[in-house]
Enquirer: 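Quick one: this structure, given as C-alpha cells, is what I'll be asking you about.
Counting starts at 1 for both ligands and their atoms, following the listed order. Atoms considered below: every heavy atom in the structure, side chains included; atoms not considered: hydrogens, waters and symmetry mates.
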Amino acid sequence: MNSDIDRTTEGAIGDTIADGQAAATGLRPARELGPAQFRRIVELARLAPSVHNTQPWWWQVSGTSLELWADRERGLPVSDPLGRNLVISCGAALHHTAVAAEAVGARAQIEYLPKGADSDLMARIDLVPHHPSVEALARLTMLGQRHTDRRRFTSWPVPDESVAHLAEEGRRWGASVLAVTDRALRVEIEDLLEEARRRQQGDPRISDETEAWIDHDVADGVPSATVPRFDGARGERPTRFDSSLIADTTESVVRGTDGLLVVSTPDDGPLSWLHAGASLSALWLLATGHGLSVVPLSQAVEVERTRLALERLLPAPSRVPQILARVGWQEIGRGDLPRSPRRPVDELLRGLSRPA
Ligand SMILES: Cc1cc2nc3c(=O)[nH]c(=O)nc-3n(C[C@H](O)[C@H](O)[C@H](O)COP(=O)(O)O)c2cc1C
C-alpha cells in the first residue's frame with residue numbers, strides 16, 4: 001500500500017474500532033449514516049483483493065444505500081474475456097463493504113444484481129443503523145491486515161480441520177467451498193494447476209497482459225516488490241506471478257503441508273461469481289485472523305481445458321469451479337511485504353459531496 005493509504009486508512013481502521021467500542025456499550029443510540037460514514041465504508045472496502053489488483057469497481061450513494069458497480073474498463077480481455085474474475089473481484093468488494101459497514105455501525109442488507117445479470121450494478125447494499133458487535137470490529141481488524149503474500153510457506157502443516165473451518169466460513173456467502181483433504185483428489189488438482197500455469201506461461205498474449213499489470217500505476221496493479229523472483233530488468237517474463245509456490249513435482253506438493261480450497265457454484269454467471277468472490281473474501285479474513293496466509297489461484301479456471309477437467313472432479317451439484325486458494329503459514333519474523341496500492345476514494349465514490 002502506498003504511504004498515503006497507510007496513514008489515512010490505518011487511522012480510519014483505528015478510529016472505526018474506537019468509535020465502535022464506544023457505541024457497543026449501548027449508551028449511545030445507533031445513528032443514521034451520513035456522508036462521513038459512507039466515505040469511511042468505501043475507504044475500507046476498497047482494500048478488497050482483486051485480480052491483478054485491477055480494482056474494477058466503484059460505489060454510488062443512493063439514499064440510505066450504497067450501490068456497488070463493476071467497472072468493465074478495468075477488465076482483462078485476454079485472460080478474463082467473460083469478466084468472471086472481474087465479477088469475483090466485485091464479490092470480494094461486496095463482502096468487504098458489508099464488513100466495513102457493520103464495523104462503522106450499520107447492518108448491510110444486500111440485494112444482488114438488482115437490475116439483472118446484464119447490468120453492471122452488482123449489488124445494492126441497504127445500510128440499517130446498528131451497533132457494531134465485537135465480532136464485526138474483529139473482522140475489520142482482519143480486513144486491515146489481509147494481503148496476498150506469495151512467498152513460500154513454511155513447512156508447518158495446516159491441519160485439515162483448519163482448512164475445513166475456512167471452507168465452512170466461505171460457504172456462508174453463497175458458494176460451495178471444498179477443502180481438498182483427499183490425497184488422490186489433491187494430486188489430480190495439483191496437476192491441473194501446474195498444467196494451467198504452463199499453458200499460460202507459453203502464451204505471449206497472457207504473459208504480456210500479466211506483465212502490463214506489474215507496477216501498472218501508483219494506485220493499482222501488482223507491485224514488483226510483492227512478486228518473489230520476478231526480475232524484469234533481466235527481461236524475464238513473470239509467471240502469475242512466481243513459480244516458487246509451485247513445487248517441483250506434484251508428489252512433493254502433496255507431501256507438502258499447505259491446504260487447498262476450491263470455490264465452486266452450481267452454474268456459471270454473474271450471481272455465482274459474486275457469491276464466489278464474497279466466499280473467498282470471507283474465508284480469507286478468517287484465515288488472516290488465524291495467522292494463515294492465503295494465495296488465490298485463478299489460472300486453472302481461466303484455461304478452458306483445465307476448467308473443464310476440474311469440473312469433472314468436483315462433487316455435484318456445485319461442479320463449476322470459480323477460484324482456488326492455497327493456505328499456509330508464513331515464516332514468523334520475516335519482513336513485511338509492501339502493501340499493494342489502492343485507488344483514491346474520490347475516484348471510487350459517487351453521489352456524495354466532499355466534506356468541507
Ligand atoms: C479473482 C481473483 C483472482 C486472483 N488470482 C490470483 C492468481 O492467480 N495468483 C495470484 O498470485 N494472486 C491472485 N489474486 C490475488 C491478487 O493478485 C491480489 O488480491 C491483488 O494483487 C491485491 O493485492 P492484495 O491481496 O495484497 O491486497 C487474485 C485475486 C482475485 C480477487
Enquirer: Ignoring hydrogens, just give me the one of L337, V51, T148, V263 whose non-hydrogen atom is nearest atom 24 (P) of ligand 1.
Expert: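 That would be T148.
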Enquirer: Using heavy atoms and a 4.0 Å limit, tell me yes or no: is R146 in contact with ligand 1?
Expert: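 It does; at least one heavy atom falls under 4.0 Å.
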Enquirer: For ligand 1, which atoms sit closer than 4.0 Å to a heavy atom of L297?
Expert: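 Those qualifying, in numeric order: 8 (O).
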Enquirer: Taking the basic N atoms (NZ, or NE/NH1/NH2) and the acidic carboxylate oxygens, is any pair closer than 4.0 Å for R319 and D268?
Expert: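 No.
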Enquirer: Less than 4.0 Å between a side-chain N and a carboxylate O, is that true for R186 and D258?
Expert: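 Looking at D258 and R186, the cut-off is met.
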Enquirer: Judged on heavy-atom distance to atom 1 (C) of ligand 1, which of N53, I323, V222 sits nearest?
Expert: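 Ranked by closest heavy atom to atom 1 (C) of ligand 1, first place is I323.
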Enquirer: Answer yes when R326 and E190 have at least one side-chain N-carboxylate O distance shorter than 4.0 Å, and no when they do not.
Expert: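 Looking at E190 together with R326, the answer is yes, because their closest N to O distance falls below 4.0 Å.
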Enquirer: Just which atoms of ligand 1 are under 4.0 Å from any heavy atom in S340?
Expert: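 Near S340, meaning under 4.0 Å from one of its heavy atoms, ligand 1 has 22 (C), 23 (O), 24 (P), 26 (O), 27 (O).
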Enquirer: May I ask you to list the atoms of ligand 1 that are less than 4.0 angstrom from any heavy atom of N85?
Expert: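 Ligand 1 atoms under the 4.0 Å threshold to N85: 1 (C).
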Enquirer: Does a side chain donor of either R124 or S62 reach within less than 3.5 Å of an acceptor in the other side chain?
Expert: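 The criterion, which ignores hydrogens and geometry beyond distance, is not satisfied for S62 and R124.
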Enquirer: Considering both backbone and side-chain atoms of S298, is one of its nitrogen or oxygen atoms within less than 3.5 Å of a nitrogen or oxygen in ligand 1?
Expert: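 By distance alone, the answer is yes.
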Enquirer: Who are the salt bridge (charged side-chain N to carboxylate O under 4.0 Å, His left out) partners of R305, not counting sequence neighbours?
Expert: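 By the salt bridge (charged side-chain N to carboxylate O under 4.0 Å, His left out) rule, R305 matches E195.
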Enquirer: Which one of S50, A196, P49 has a non-hydrogen atom at the shortest distance from atom 16 (C) of ligand 1?
Expert: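 The residue whose heavy atom sits nearest atom 16 (C) of ligand 1 is S50.
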Enquirer: Is the closest heavy-atom distance from R342 to ligand 1 below 4.0 Å?
Expert: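 It does; at least one heavy atom falls under 4.0 Å.
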Enquirer: Report the residues that fulfil side-chain hydrogen bond (donor to acceptor under 3.5 Å, both in side chains) with T141, sequence neighbours left out, ordered by chain and then residue number.
Expert: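 Testing T141 for side-chain hydrogen bond (donor to acceptor under 3.5 Å, both in side chains), a comparison that skips the adjacent residues, returns none.
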